Amino acid sequence: MNKPTPRRICLAPMLDWTDRHYRYFLRQISRHTFLYTEMVTTGAIIHGERARFLDFSDCEHPVALQLGGSEPSDLAQCAKLAEQWGYDEVNINVGCPSERVQSGAFGACLMEEPQLVADCVKAMRDAVSIDVTVKHRIGINEVEHYEYLRDFVGTVAEAGCTTFIAHARNAILKGLSPKENREIPPLKYHYVHRLKQDFPQLEIILNGGLADWDSVDAQLQHVDGVMIGRMAYHDPYQFAAVDARYYGDTRAVPSRAEVARALMPYIAERMASGRTLPKHIVRHVLGLYQGRPGARNWRRLLSDSKLLQGAGPEIIETALAEVEHGLMASQGA
């Protein structure tokens, strides 16, 4: 139905998970998945140590910076910095339901103020030439009617936003934790499908609950792309199928061991910077052998705080040897 776009398959921004180390790791598995940073607040960038929040590795392209904020001038300033840093896109978070985010007057509560979101988009688009996109929910609290979502998208689109990433679940601003709100209330994929029907000129990306490629294929009959979160993190090697299946890239797929070994020079480089320990990186790769013989050995070793103390890149080879031992044991060798 829809021709492939760079955002055909996207990595969801996940706080504390999709940092630069995880994104580097996933890029070793898939060359084409569009990567998104964890949300960074405008205040952290404007008043904090910018390199800490904005630095990334060249191999991460295409990569988008997700911002949390609601002041058009602040968002424009941060968008400009994102462009200067080399990001391919800047995205506004209008979907996070946490009370901490609400206290800063951004995230999902901004769905109540579509004109403010439009003003933010316009200010950012005036400041940069890279894409400015919006990630949002289909509604908030008890607001269930599709027209609420349609009107929000319509208002923001008038400011020049052409790409909307819709988490197909209402944001519940009180009474549920963000974790609970990832499961409750039910998903309404058909609302996102209607968005594409009503706004065929817009790029509509669907997010929420996708856990296998057959489900992704079904959604791609209705929308331009999908965004995947927990599946990407907990079973990342599934993304070895992405490049050929969704982007037509027929190059050889790296093995799990090749992916792991590709991290070794990265670990060495980050350690040389004096600010990164192996544990900061390997915590993201525990799911690499998910569902495979040796997976328990892999996880056990790379989550052993004593072994990680003073370790270097060689910890990867040690863990791979443990995987091999687990494989041999499973075969009765």
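Computed from a predicted model, the values in this text were never measured in an experiment.
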_For a side-chain contact (heavy atoms from CB on, under 4.5 Å) check, start with the C-alpha distance between Glu83 and Ser129, then their side-chain angles and the critical distance, and finish with the verdict._
CA-CA 8 Å; Glu83 184 174 47; Ser129 59; 2.6 Å; yes
_Tell me whether the count of non-hydrogen atoms from other residues, nucleotides or ligands lying under 6.0 Å of CZ in Arg300 goes above 12._
yes
_Heavy-atom pair with the smallest gap, counting every atom of Leu11 and Met14_ = CD1-CE, 4.1 Å
*Taking the side chain as every heavy atom from C-beta outward, state whether Cys109 and Leu173 have any pair of such atoms under 4.5 Å apart.*
yes
*Would Thr18 and Leu35 satisfy side-chain contact (heavy atoms from CB on, under 4.5 Å), going step by step from the backbone distance to the final call?*
CA-CA 9 Å; Thr18 56; Leu35 306 180; over 6 Å; no
*Look only at the side chain of Gln290 and the backbone of Gly287, and say whether a donor-acceptor pair between them is shorter than 3.5 Å.*
no
*asked:* For a side-chain contact (heavy atoms from CB on, under 4.5 Å) check, start with the C-alpha distance between Leu149 and His136, then their side-chain angles and the critical distance, and finish with the verdict.
replied: CA-CA 9 Å; Leu149 172 63; His136 57 93; 3.6 Å; yes
*Min side-chain heavy-atom separation Tyr289-Leu320 under 4.5 Å*: yes
*Using a 4.5 Å cut-off on heavy atoms from C-beta on, say whether the side chain of Phe106 contacts that of Leu67.*
no
*Pair Arg245 + Asp214: basic N to acidic O under 4.0 Å*: yes
*Answer with yes or no whether the side chains of His325 and Asn297 bring together a donor and an acceptor at under 3.5 Å.*
no
*Check: His284 side chain, Ile281 main-chain N or O, donor-acceptor pair, under 3.5 Å*: no
*Any side-chain heavy atom of Lys135 sitting closer than 4.5 Å to one from Asn93?*
no
*Measure from the side-chain N and O atoms of Glu38 to the backbone N and O of Asp16, and report whether any donor-acceptor pair falls under 3.5 Å.*
yes
*State, to 0.1 Å, how close Val282 and Leu302 come at their nearest heavy-atom pair, and which atoms those are.*
CG2-O, 3.7 Å
*For the side chain of Tyr148 and the backbone of Ile140, is there at least one donor-acceptor N/O pair under 3.5 Å apart?*
no
_Would the distance check show the side chain of Arg27 and the main-chain N or O of Glu60 forming a donor-acceptor pair, the cut-off being under 3.5 Å?_
yes
*Does the side chain of Tyr191 come within less than 4.5 Å of Leu195's, by heavy atoms?*
no
*Does the side chain of Thr42 pick up a donor-acceptor pair with the side chain of Gln77 at under 3.5 Å?*
no
*Over all heavy atoms of both residues, which pair between Gly86 and His61 is shortest? Give the atoms and the distance, please.*
O-CE1, 2.9 Å
*asked:* Are there over 12 heavy-atom neighbours, none belonging to Arg296, within less than 6.0 Å of that residue's CZ?
replied: no
*asked:* Please tell me whether Ile165 and Met231 are part of a single hydrophobic cluster in this structure, the criterion being side-chain heavy atoms less than 4.5 Å apart.
replied: no
*Distance, nearest 0.5 Å, that separates CZ of Arg137 from NZ of Lys188*: 13.0 Å
*Using the ring of Tyr146 (Phe, Tyr or Trp, six-membered ring only), decide whether Arg194 places NZ or CZ under 6.0 Å from its centre and within 45 degrees of its axis.*
yes
_Distance-minimising heavy-atom pair for Ala76 and Ala127_ = O-CB, 3.8 Å
*How close do Cys10 and Thr33 get, heavy atom to heavy atom, and via which atoms?*
C-CG2, 4.1 Å
*N/O donor-acceptor pair under 3.5 Å between Tyr87 side chain and Ile130 backbone*: no
_Nearest 0.5 angstrom please: Cys78 SG to Arg50 CZ, how far?_
7.5 Å
*Flag the pair Pro62 / Arg7 as yes when at least one side-chain heavy-atom distance between them is below 4.5 Å, and no otherwise.*
no
_Of Tyr266, Tyr233, Trp17, Phe239, the residue whose pairing with Tyr22 passes ring-ring contact (aromatic ring centres under 6.0 Å, His included)_ = Tyr233
*Would you check if Trp213 and Val242 make a side-chain contact, meaning some heavy-atom pair closer than 4.5 Å?*
yes
*Going by an N to O cut-off under 4.0 Å, is there a salt bridge joining Asp224 and Lys196?*
yes
*asked:* Regarding Arg283 and Asp19, does a basic nitrogen lie under 4.0 Å from an acidic carboxylate oxygen?
replied: yes
*Do Val192 and Leu187 share a hydrophobic cluster (ILVMFWY, side-chain heavy atoms under 4.5 Å, transitive)?*
yes
*Out of curiosity, Thr133 OG1 to Tyr36 OH, how far, rounded to the nearest 0.5 Å?*
4.5 Å
*Kindly indicate, with the supporting measurements, whether the criterion side-chain contact (heavy atoms from CB on, under 4.5 Å) is fulfilled by Cys59 and Gln28.*
CA-CA 9 Å; Cys59 73; Gln28 308 313 304; 4.0 Å; yes
*Are Ile205 and Ile138 connected, step by step, through hydrophobic side chains (Ile, Leu, Val, Met, Phe, Trp, Tyr) whose heavy atoms are closer than 4.5 Å?*
no
*Examine distances only and state if a side-chain atom of Thr37 and a backbone atom of Gln66 form a donor-acceptor pair shorter than 3.5 Å.*
yes
*Kindly say whether Thr318 contributes a backbone atom to a donor-acceptor pair with the side chain of Glu322 at under 3.5 angstrom?*
no
_Would you compute the distance between atom CG of Asp212 and atom CD of Gln238 and round it to the nearest 0.5 angstrom?_
7.5 Å
*Phe34-Val40 co-clustered via ILVMFWY side chain contacts under 4.5 Å*: no
*Any chance the side chains of Tyr246 and Asp217 put a donor and an acceptor closer than 3.5 Å?*
yes
*asked:* Working to the nearest 0.5 angstrom, can you tell me the gap between Arg270 CZ and Thr276 OG1?
replied: 4.0 Å
*Ignoring hydrogens and angles, tell me if any N or O in the side chain of Asn170 forms a donor-acceptor pair with the backbone of Glu142 under 3.5 Å.*
no
*Going hydrophobic residue to hydrophobic residue with side-chain gaps under 4.5 angstrom, can you get from Leu202 over to Val94?*
yes
*May I ask you to test the Ile45-Leu65 pair for a side-chain heavy-atom distance under 4.5 Å?*
yes
*Distance (rounded to the nearest 0.5 Å) between Ser70 OG and Ile92 CD1*: 10.0 Å
*Taking the side chain from Arg125 and the backbone from Gly160, do they hold a donor-acceptor pair closer than 3.5 Å?*
yes
*asked:* What I want to find out is whether Asp55 reaches Arg275 closely enough, with some N-O distance under 4.0 Å, to be called a salt bridge.
replied: no
*asked:* For Tyr189 versus Ala168, what's the shortest heavy-atom pair and its separation?
replied: CD2-CB, 3.8 Å
